[in-house]
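In each ligand, atom 1 is the first atom listed, and ligand 1 is the first ligand listed.
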Amino acid sequence: MAPLTSRDDLVIAGRRFRSRLMTGTGKYPSLEAMQASLEASGCEIVTVAVRRVQSGAPGHGGLMEAIDWGRIWMLPNTAGCATAEEAVRVARLGRELARLAGQEDNNFVKLEVIPDSRHLLPDPFGTLEAAEQLVKEGFAVLPYINADPLLAKRLEEAGCATVMPLGSPIGSGQGIRNAANIGLIIENARVPVVVDAGLGVPSEAAQAMEMGADALLINSAIALAGDPPAMARAMALATEAGRTALLAGRLPQRAEARASSPIEGRVTNH
Ligand SMILES: CC(=O)[C@@H](O)[C@H](O)COP(=O)(O)O
């Protein structure tokens with residue numbers, strides 16, 4: 001484990017980031033609230049729904065101009081794609097979007113293949129198929145998946161740059177509902193594990209980082225908070241607190257109490 005004094009960067013596909021909190025751009029009450037929140041979060045990676053930007057969906061007009069792409073690394077995502085074929089097509093458009101933002105060398109894509117509009121759960125088969133194709137095309141693929149340790153391993157073997165297991169369904173704010181499986185993914189992964197979706201409050205962000213997640217992606221909990229920039233800051237602090245605690249090493253849990261002060265030599269009446 002890295003000593004606390006050394007730099008503790010997140011490295012994805014050879015690119016280094018100081019911040020371990022990624023954010024999104026959807027659901028904000030205004031572009032100004034989004035800008036202030038990105039600033040307050042200290043994030044360096046922001047995911048953008050390629051289809052929504054291209055179609056100028058509500059809240060997405062002016063989005064490209066509202067973000068300082070000199071500072072923020074774009075993570076185009078394939079939200080709205082129900083099949084592998086669609087996702088591959090939208091990923092290619094995402095690469096163009098990053099170029100338009102001046103990021104010529106950006107080959108990142110957050111792969112989402114989601115046929116289920118009610119629970120927004122990803123299709124594991126379509127995700128693997130699309131990931132294999134995109135890796136062949138030179139993308140750094142960050143796949144959004146259910147917390148399935150075997151799928152995570154298959155995606156890593158296929159050459160994905162990270163795996164992104166969901167804590168609970170997108171936008172649900174239910175926190176980490178599958179801690180045991182996320183723990184197994186973390187234990188076995190040789191690529192960064194990014195817990196994506198469902199985190200509702202900072203304590204859940206800290207929990208995921210304490211478990212050993214390498215990074216988090218949080219959108220709804222920030223965008224839909226009463227005060228989005230304040231929540232963005234709280235999430236950033238929690239992400240850092242969780243990471244620092246992990247590196248510090250926790251007190252072993254015990255079944256029985258242990259006195260905080262030494263009991264030898266104390267003055268007693270008996
Ligand atoms: C923005 C994004 O790419 C999603 O994966 C998702 O929206 C994140 O989940 P929450 O909105 O639940 O944080």
Side-chain angles (χ1 to χ4, degrees), residues 12 19-29 33-34 37-38 41 43-54 57-60 63 67 72-82 87 90-91 94 97-98 108-124 127 130-131 140-147 155 160-178 182 192-209 213 215-225 228 231-232 234-236 238-239 242:
I12 300 178
S19 169
R20 291 176 180 269
L21 174 60
M22 309 178 188
T23 60
T25 55
K27 303 178 185 166
Y28 282 95
M34 182 199 73
S37 302
L38 298 192
S41 73
C43 70
E44 294 168 294
I45 300 179
V46 170
T47 191
V48 169
V50 177
R51 277 197 157 159
R52 293 189 195 119
V53 169
Q54 293 215 318
H60 287 72
L63 182 76
I67 295 175
I72 300 284
W73 188 246
M74 187 191 293
L75 177 55
N77 72 59
T78 63
C81 295
V90 171
L97 200 63
F108 280 36
V109 62
K110 176 171 185 263
L111 176 60
E112 297 185 20
V113 180
I114 304 181
D116 155 37
S117 61
R118 176 152 181 238
H119 300 291
L120 297 178
L121 294 174
D123 169 8
T127 303
V141 182
L142 291 75
Y144 166 67
I145 58 169
N146 217 320
L155 287 161
C160 286
T162 67
V163 286
M164 302 184 78
L166 58 93
S168 53
I170 293 175
S172 70
Q174 292 176 26
I176 300 177
R177 298 295 288 256
N178 41 24
I182 290 186
V193 177
V194 184
V195 172
D196 174 19
L199 299 180
V201 288
S203 56
E204 292 158 357
Q207 182 195 356
M209 295 304 291
L216 310 175
L217 196 155
I218 304 175
N219 182 28
S220 304
I222 297 174
L224 299 177
M231 185 58 84
M235 289 297 191
T239 305

Requested in this report: Mind checking salt bridge (Lys or Arg N to Asp or Glu O under 4.0 Å) for Arg51 and listing every partner two or more places apart, or none if nothing turns up?
Outcome: Glu86
Report task. Please assess Asn77 against Phe108 for the test side chain to side chain contact (heavy atoms under 4.5 Å, CB included), listing each intermediate value before the final yes or no. Result -> CA-CA 9 Å; Asn77 72 59; Phe108 280 36; over 6 Å; no
**Report entry** Close side-chain approach of Thr239 to Ser19, heavy-atom, < 4.5 Å
**Finding:** no
Identify all pairs of nitrogen or oxygen atoms, one from ligand 1 and one from the protein, separated by less than 3.5 Å, and list them with distances.
{"residue": "ligand 1", "atom": "3 (O)", "partner": "Lys110", "partner atom": "NZ", "Å": "2.7"}
{"residue": "ligand 1", "atom": "3 (O)", "partner": "Glu112", "partner atom": "OE2", "Å": "3.3"}
{"residue": "ligand 1", "atom": "5 (O)", "partner": "Lys110", "partner atom": "NZ", "Å": "2.7"}
{"residue": "ligand 1", "atom": "5 (O)", "partner": "Asp196", "partner atom": "OD1", "Å": "2.9"}
{"residue": "ligand 1", "atom": "5 (O)", "partner": "Asp196", "partner atom": "OD2", "Å": "3.2"}
{"residue": "ligand 1", "atom": "11 (O)", "partner": "Ser220", "partner atom": "N", "Å": "3.0"}
{"residue": "ligand 1", "atom": "11 (O)", "partner": "Ser220", "partner atom": "OG", "Å": "2.5"}
{"residue": "ligand 1", "atom": "12 (O)", "partner": "Gly171", "partner atom": "N", "Å": "2.8"}
{"residue": "ligand 1", "atom": "12 (O)", "partner": "Gly198", "partner atom": "N", "Å": "2.9"}
{"residue": "ligand 1", "atom": "13 (O)", "partner": "Asn219", "partner atom": "N", "Å": "2.8"}
{"residue": "ligand 1", "atom": "13 (O)", "partner": "Ser220", "partner atom": "N", "Å": "3.4"}

Query raised in the report: Between Ile176 and Leu199, is a side chain to side chain contact (heavy atoms under 4.5 Å, CB included) present by the stated rule, with each step listed?
Result: CA-CA 7 Å; Ile176 300 177; Leu199 299 180; 3.8 Å; yes
Requested in this report: Start with the C-alpha gap between Thr25 and Arg52, add the side-chain angles, then the distance that decides, and say whether side chain to side chain contact (heavy atoms under 4.5 Å, CB included) holds.
Outcome: CA-CA 11 Å; Thr25 55; Arg52 293 189 195 119; over 6 Å; no
Report task. Starting from the C-alpha separation in whole Å, work towards a yes-or-no answer on side chain to side chain contact (heavy atoms under 4.5 Å, CB included) for Ile170 and Ile114. Result -> CA-CA 11 Å; Ile170 293 175; Ile114 304 181; 4.2 Å; yes
